Amino acid sequence: RIRTSWKDLTKLPTRDEGLFQMQIRDKALFHDSSVLPDGAEISGYLFRDTPKRYYFVVEEDNTPLLVTLTPCDAPLEWRLTLQELPEDRSGEGSGEPEPLEQQKQQVTANEGTELFTYKGNDVESFISTSSPSGLYQLEIISTEKDSNFKIYSTTTPESDQPYPELPYDPRVDVTTLGHTTVTLAWKPTPTGSIMGQPIQYCVVINKEHNFKSLCAAEAKMSLDDAFMIAPKPGRDFSPFDFVHFGFVPSENDFKDRSLTTNRALSNKMSRTYIPKPKVADIQKICIGNKNIFTVTDLKPDTQYYFDVFAVNTGTNMSTAYVGTFARTKEEAKQKTVELKDGKVTDVFIKRKGSKFLRFAPVSSHQRVTLFIHACLDEVQVQVRRDGKLVLSQNVEGVRQFQLRGKPKAKYLIRLRGSRKGASTLKVLASTRAGGKQPFPALPEDTRIKAFDKLRTCSSVTVAWLGTQERNKYCVYRREVSESYGEEHRRREQNQCAGPESRRKSEKVLCKYFHSANLQKAVTTETITGLEAGKSYLLDVYVVGHSGHSVKYQSKLVKTRKYC
């Protein structure tokens, strides 16, 4: 029988609720302590192969007892024993309580009666409706790696019920499966729906495995956070520091403790730094008390694991549902467009979409010339020759690429669209050497410049750059409203829309122009017949020898209102 002096240690089983609440609020009381509080969950940390022991006292026989241990990052071995304390050996009969450390030392040599053992990473509990009085010892060890864990013990399990209760069917069901979305549903916990406790659900998504506890998922999410803390210059290092920062110390690492060595170790740390997992690898989303949730932005044809946890927001204690997994649907195989040698092909790509083009020259060839004209936003171009990547670039405007040829080689071209919106392109592949290019040559700067000082009530003067190649340039104008701005102009900036898409009344003129000296390859034009105080959108098209045209960047101008 345990002496009454143990009452000062903890109030099990008939606890004083006011004292208990005061003790729980005082976090310092249980920080790094070997005493387990009654009715509260504590967090702990284990170093590998270093056991930790916790103690608590049951003062009266036939007391209910619940002990729950939650492993967070690694499988744990734990053992619960009932220790027998010897009667008062002093013979003094003073009645003075012995210090806790002294009483614990009396039981370390005695193995005690084993009540429960477990090894694994499940959330496991020892429960007894009638436990004898005595000193209980909980011993925990992690043989795999350093690990976090949580312990909850109580002598009033029926009234406490700290963990949310699972419904009769605790499974998470996949109700809808898409290419990038998965809809999950589960039965609500009775703790919230019937008992009225404050409950929220948290959904965890990852690609590796299901989690058996929320703290295991959170440990995975915060993995390597400790490595982000940089050591202070000149700090003395120990083997623990090296393990703490993510790499295993060698025998010679701790012989020289000088500042020079510390600098070298700092450099070593930067080389052997273990990166944190990508945020996208595991996500936790808390959704309130809804029991249906759609996960979005997933990758097609990818297996994901889904876990749901019911969290009591009052106690912050959680219970895991039986998780599930699912593979998102495979993307519909796109039809590959066949390119014909020397022929221009129009290509449309949805926002963030992709298109595949195939070019298989009939005759042997030394090189392939690839022309890409991105009409709207920038697109990504990848070319594989017989499966080997030979080109990967972002393209804006008109670009020409020379690819080395191979006998009977086949080329697969992947075009990836913009995140901003849909993309339109013109693509041409040719094995013919020499000859005239299908697309006109463009200067590096395709802006149109307006001269403000030459502006009148009925005319504007503009200039644009040309090239050394003689090309045809056509100028068009269109009156626009006062509210027409840069955003409107950007939306209409389709470089592939040629003069044929314009009204005849909008045409100003067409002329040929080039210059052998690039520095002098500039031309000006005065556009007359305009109305005073009106806004106009000006466009210049350069037309190639095969009739394909490219539009310069549109220019918004305004005539003077008073002259």
Side-chain angles (χ1 to χ4, degrees), residues 176-182 296-304 326-365 367-432 437-439 491 493-498 500-501 544 546-550:
T176 309
L177 190 64
H179 297 95
T180 59
T181 61
V182 171
T296 59
D297 295 325
L298 302 175
K299 290 183 179 179
D301 194 26
T302 304
Q303 182 155 305
Y304 290 91
R327 179 174 287 273
T328 49
K329 287 185 178 179
E330 191 177 354
E331 273 185 315
K333 291 188 177 179
Q334 295 186 4
K335 185 180 176 183
T336 302
V337 179
E338 295 286 342
L339 295 179
K340 293 183 178 180
D341 200 338
K343 300 289 184 182
V344 175
T345 301
D346 292 307
V347 180
F348 175 79
I349 308 174
K350 293 180 181 178
R351 176 178 172 267
K352 297 192 336 186
S354 295
K355 273 284 172 69
F356 290 92
L357 315 177
R358 184 175 175 269
F359 182 54
V362 177
S363 58
S364 61
H365 56 284
R367 67 180 56 190
V368 171
T369 305
L370 180 66
F371 294 93
I372 305 282
H373 184 186
C375 309
L376 297 169
D377 292 311
E378 183 180 73
V379 295
Q380 186 188 61
V381 179
Q382 282 188 344
V383 180
R384 293 183 183 273
R385 183 186 59 218
D386 295 334
K388 183 181 179 182
L389 186 67
V390 293
L391 174 69
S392 180
Q393 282 201 27
N394 292 334
V395 171
E396 195 171 10
V398 177
R399 290 289 300 275
Q400 173 184 331
F401 301 101
Q402 295 289 340
L403 307 175
R404 189 187 298 275
K406 272 189 175 182
K408 299 181 181 179
K410 293 178 176 59
Y411 301 83
L412 185 67
I413 303 162
R414 180 182 183 180
L415 305 171
R416 182 173 289 176
S418 165
R419 291 177 176 272
K420 298 177 184 176
S423 303
T424 306
L425 302 93
K426 290 183 180 290
V427 181
L428 180 142
S430 176
T431 59
R432 299 164 193 169
Q437 295 184 2
F439 296 105
R491 283 204 301 265
Q493 188 62 28
N494 184 347
Q495 286 192 333
C496 295
E500 67 278 0
S501 64
S546 60
H548 294 291
S549 61
V550 180

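Quantities reported herein were computed from a predicted structural model and do not represent experimental measurements.
- Scanning both residues, His179 and Glu330, for their nearest heavy atoms gives CD2-O, 3.0 Å.
- Summarising the geometry of Ala326 relative to Leu177, their closest heavy-atom pair is CB-CD1, 4.0 Å, with the distance given to 0.1 Å.
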### Task
Evaluate the side chain to side chain contact (heavy atoms under 4.5 Å, CB included) criterion for residues Val337 and Val347: first the C-alpha distance (whole Å), next the side-chain angles of each, then the deciding distance (0.1 Å), finally the verdict.
CA-CA 9 Å; Val337 179; Val347 180; 5.8 Å; no

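- The two residues Arg404 and Arg385 have their closest heavy-atom pair at O-NH1, 2.8 Å.
- Within the 4.5 Å cutoff, no side-chain heavy atoms of Thr176 are placed close to those of Thr181.
- In the displayed structure, Asp301 atom CG is contacted under 6.0 Å by more than 12 heavy atoms of other residues, nucleotides or ligands.
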Quiz: residues 405-416 side-chain donor-acceptor pairs under 3.5 angstrom, not counting sequence neighbours:
from, atom 1, to, atom 2, distance (Å)
Tyr411, OH, His365, NE2, 2.9
Arg414, NH2, Ser354, OG, 3.4

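- Taken from CZ in Arg358 to CZ in Arg384, the straight-line distance is 15.5 Å, to the nearest 0.5 Å.
- Looking at heavy atoms from C-beta onward, Tyr304 lies out of side-chain contact with Val182 at the 4.5 angstrom threshold.
- Atom CZ of Arg327 has more than 12 neighbouring heavy atoms from other residues, nucleotides or ligands inside a 6.0 Å radius.
- The CD atom of Gln380 sits 5.0 Å away from the OG atom of Ser392 when rounded to the nearest 0.5 Å.
- Within the model, atoms CD of Glu338 and CG of Leu357 stand 9.5 Å from one another, a figure rounded to the nearest 0.5 Å.
- Within the model, atoms OG1 of Thr345 and NZ of Lys340 stand 8.5 Å from one another, a figure rounded to the nearest 0.5 Å.
- Residue Ser549 comes nearest to Gly498 through the heavy atom pair OG-CA, 3.3 Å, listed as atom of the first residue, atom of the second, then distance.
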### Task
Evaluate the side chain to side chain contact (heavy atoms under 4.5 Å, CB included) criterion for residues Val344 and His548: first the C-alpha distance (whole Å), next the side-chain angles of each, then the deciding distance (0.1 Å), finally the verdict.
CA-CA 9 Å; Val344 175; His548 294 291; 3.1 Å; yes

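- Once rounded to the nearest 0.5 Å, the distance linking CG of Leu428 with CG of Leu339 reads 8.0 Å.
- At least one donor-acceptor pair under 3.5 Å links the side chain of Thr328 to the backbone N or O of Lys299.
- A donor-acceptor pair is defined here as one N or O able to donate and one able to accept, closer than 3.5 Å; such a pair exists between the side chain of Asp341 and the backbone of Thr431.
- Side-chain contact check for Asp346 versus Thr424: every heavy-atom pair is 4.5 Å or farther apart.
- Thr336 contributes atom OG1, which lies 10.5 Å from atom NZ of Lys355 (distance to the nearest 0.5 angstrom).
- Scanning all heavy atoms of the two residues, the minimum distance from Ser418 to Ser423 falls at N-OG, 3.4 Å.
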